[in-house]
Amino acid sequence: ELSGLLVAETRDFGVWDKPTSDPHKQKLMGVEAGTVSGNFRVTPEAIVLANMSVSTSRSLIRTTVSLGYEEDLGLAVYEGSKIDLRDVSPLVAIPMEGVAHVSVSGGGKFGDPHLEGELSVSGFEFGGFPIGDILQSKVSFVPLDLQFSEAKVPHGDSIVDVPGLALDYDDGAAAVVLDGSIDSRQSGMHLRDFFHMVNLLETAASSSALPTKDPLWQRVDGLARGTATLNYVLGGRRDRCRSGRLQVLGRMDLTRLSLWDI
């Protein structure tokens, strides 16, 4: 066995959808520069990067990675790791913001790993949509397919449950496909909070008057309780404007409804 301390400055790190030698590869995410430190070990079974710290100007990841000689992968990202999403944005072509706290573990063969863990995000923005905070979520990943479950998302005066959300980067007909479900039956969702999330209002709901992008939506409010499905597509035939297509289909009961001061 061979082991020792490893400290390295790295830049232009990228994760691709195909091998780096493939001329048709597309970049999924990347980090401009960072510092890596930890323990480098060569064992009879694997190369192990143990208790590594990966730091950028805004993020810190604590991890152990095992690269087995039989193409077996082991990965653990420890609690306390913090990722500023600006460091890995854009994801494919989708800009993101927010600070994620994550702990995951798992492994498998190099070409088919399976990771599971916990995730929370403060100030999450995805593709220009100001989602808000993700208080808690279970997360799982297999290559090019990211799944979220049991998430809670507060926004303004609303708290929405997200039973499931899937991001598929290998759909074939689009660069990214997002499918999800939301449930507002417990706490309800204020229409103004929803309008803000889809960029019809500039600020989240409050008791004060709101600046607005369209005065039409400034005077619409109410409390919605029910369920809905989300579908977001970037690229492909379904994205006719080439900047992303969002579809929301819901079945909601509305109370405290106010329509243009009526």
Side-chain angles (χ1 to χ4, degrees), residues 1-22 25-69 71-111 113-127 131 133-134 136-144 146 148 167 169 176:
E1 180 174 323
L2 175 70
S3 66
L5 178 65
L6 170 69
V7 179
E9 301 288 336
T10 183
R11 60 183 176 84
D12 299 330
F13 175 79
V15 177
W16 308 82
D17 64 342
K18 295 180 177 66
T20 56
S21 58
D22 192 318
K25 67 183 182 295
Q26 292 186 354
K27 196 171 189 177
L28 295 178
M29 58 165 281
V31 178
E32 290 185 358
T35 301
V36 179
S37 62
N39 190 266
F40 177 85
R41 297 170 54 201
V42 179
T43 74
E45 294 80 26
I47 294 174
V48 181
L49 306 173
N51 297 315
M52 304 298 290
S53 293
V54 183
S55 60
T56 71
S57 60
R58 295 179 289 235
S59 303
L60 176 63
I61 302 172
R62 302 187 185 280
T63 182
T64 291
V65 181
S66 174
L67 304 172
Y69 304 132
E71 296 194 349
D72 294 311
L73 172 69
L75 173 67
V77 176
Y78 302 122
E79 187 174 351
S81 295
K82 179 186 75 171
I83 303 173
D84 191 309
L85 297 180
R86 291 174 295 177
D87 284 341
V88 295
S89 181
L91 187 61
V92 187
I94 301 177
M96 299 186 302
E97 291 189 17
V99 177
H101 297 267
V102 60
S103 60
V104 298
S105 62
K109 293 298 182 180
F110 284 177
H114 186 190
L115 307 175
E116 293 187 349
E118 303 283 339
L119 172 77
S120 65
V121 187
S122 59
F124 184 42
E125 293 190 17
F126 180 83
I131 305 302
D133 297 335
I134 300 176
Q136 61 189 41
S137 177
K138 295 185 181 298
V139 61
S140 66
F141 173 79
V142 296
L144 303 183
L146 185 61
F148 300 88
L167 277 167
Y169 299 98
V176 180

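Put simply, the side chain of Val139 does not reach to within 4.5 Å of the side chain of Glu118, judged on heavy atoms. Counting heavy atoms from C-beta outward, Glu1 and Arg41 have side chains that approach closer than 4.5 Å. For the pair Leu167 and Val176, the minimum side-chain heavy-atom distance is below 4.5 Å. Residues Asp72 and Lys109 have side chains in contact (heavy-atom distance under 4.5 Å, counting atoms from C-beta outward). Considering only heavy atoms from C-beta on, Leu85 comes within 4.5 Å of Val121 through its side chain. At a threshold of 4.5 Å between non-hydrogen side-chain atoms, the residues Asn39 and Ser3 count as touching. Contact of the Ser21 side chain with the Pro19 side chain is registered, since non-hydrogen atoms from C-beta on lie closer than 4.5 Å. Here the side chains of Val99 and Lys82 are in contact, with some heavy-atom distance below 4.5 Å.
The shortest heavy-atom contact between Gly34 and Thr56 is CA-CG2, 4.4 Å. Contact between Ala76 and Thr63 at its shortest, heavy atoms only, is O-OG1, 2.7 Å. Summarising the geometry of Gly111 relative to Pro143, their closest heavy-atom pair is O-CG, 3.6 Å, with the distance given to 0.1 Å. Heavy-atom minimum distance, Tyr69 versus Val42: OH-CG1, 3.3 Å. Here the shortest heavy-atom pairing between Leu115 and Gly107 reads CD2-N, 3.9 Å.
Among residues two or more places apart in sequence or in another chain, the side-chain contact (heavy atoms from CB on, under 4.5 Å) test is passed with Glu79 by Ser103. With sequence neighbours left out, the side-chain contact (heavy atoms from CB on, under 4.5 Å) criterion links Phe110 to Leu67, Glu71, Leu73.
Taken from CE in Met96 to CD in Glu125, the straight-line distance is 11.5 Å, to the nearest 0.5 Å. Summarising the geometry, atom CZ belonging to Phe124 is positioned 8.5 Å from atom CG belonging to Leu119; distances are rounded to the nearest 0.5 Å. Atom CZ in Phe126 sits 8.0 Å away from atom CD1 in Ile131 (nearest 0.5 Å).
A donor and an acceptor atom, one from each side chain of Arg62 and Ser81, are nowhere located under 3.5 Å apart. Side-chain contact, Ser59 with Asp87: a donor N or O sits under 3.5 Å from an acceptor N or O.
Within a 6.0 Å radius of CZ in Phe148, other residues, nucleotides and ligands contribute more than 12 heavy atoms.
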If you apply the rule side chain to side chain contact (heavy atoms under 4.5 Å, CB included), what do you find for Val7 with Ser37, and how did you get there? CA-CA 4 Å; Val7 179; Ser37 62; 4.1 Å; yes
Applying side chain to side chain contact (heavy atoms under 4.5 Å, CB included) to Ser53 and Leu60, what does each step give before you reach the verdict? CA-CA 7 Å; Ser53 293; Leu60 176 63; 4.3 Å; yes
As a quick check of understanding, evaluate side chain to side chain donor-acceptor pair (under 3.5 Å) for Thr64 and Tyr78, giving each step before the final call. CA-CA 8 Å; Thr64 291; Tyr78 302 122; 2.7 Å; yes
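Salt bridge status for Arg11 with Glu32: absent, with no side-chain N to carboxylate O gap under 4.0 Å. Note on Lys138 versus Glu116: no salt bridge recorded, every NZ/NE/NH1/NH2 to OD/OE distance being 4.0 Å or above.
Side chain of Ser122 to main chain of Asp133: no donor-acceptor pair is present (N/O by atom type, distance under 3.5 Å, no hydrogens or angles).
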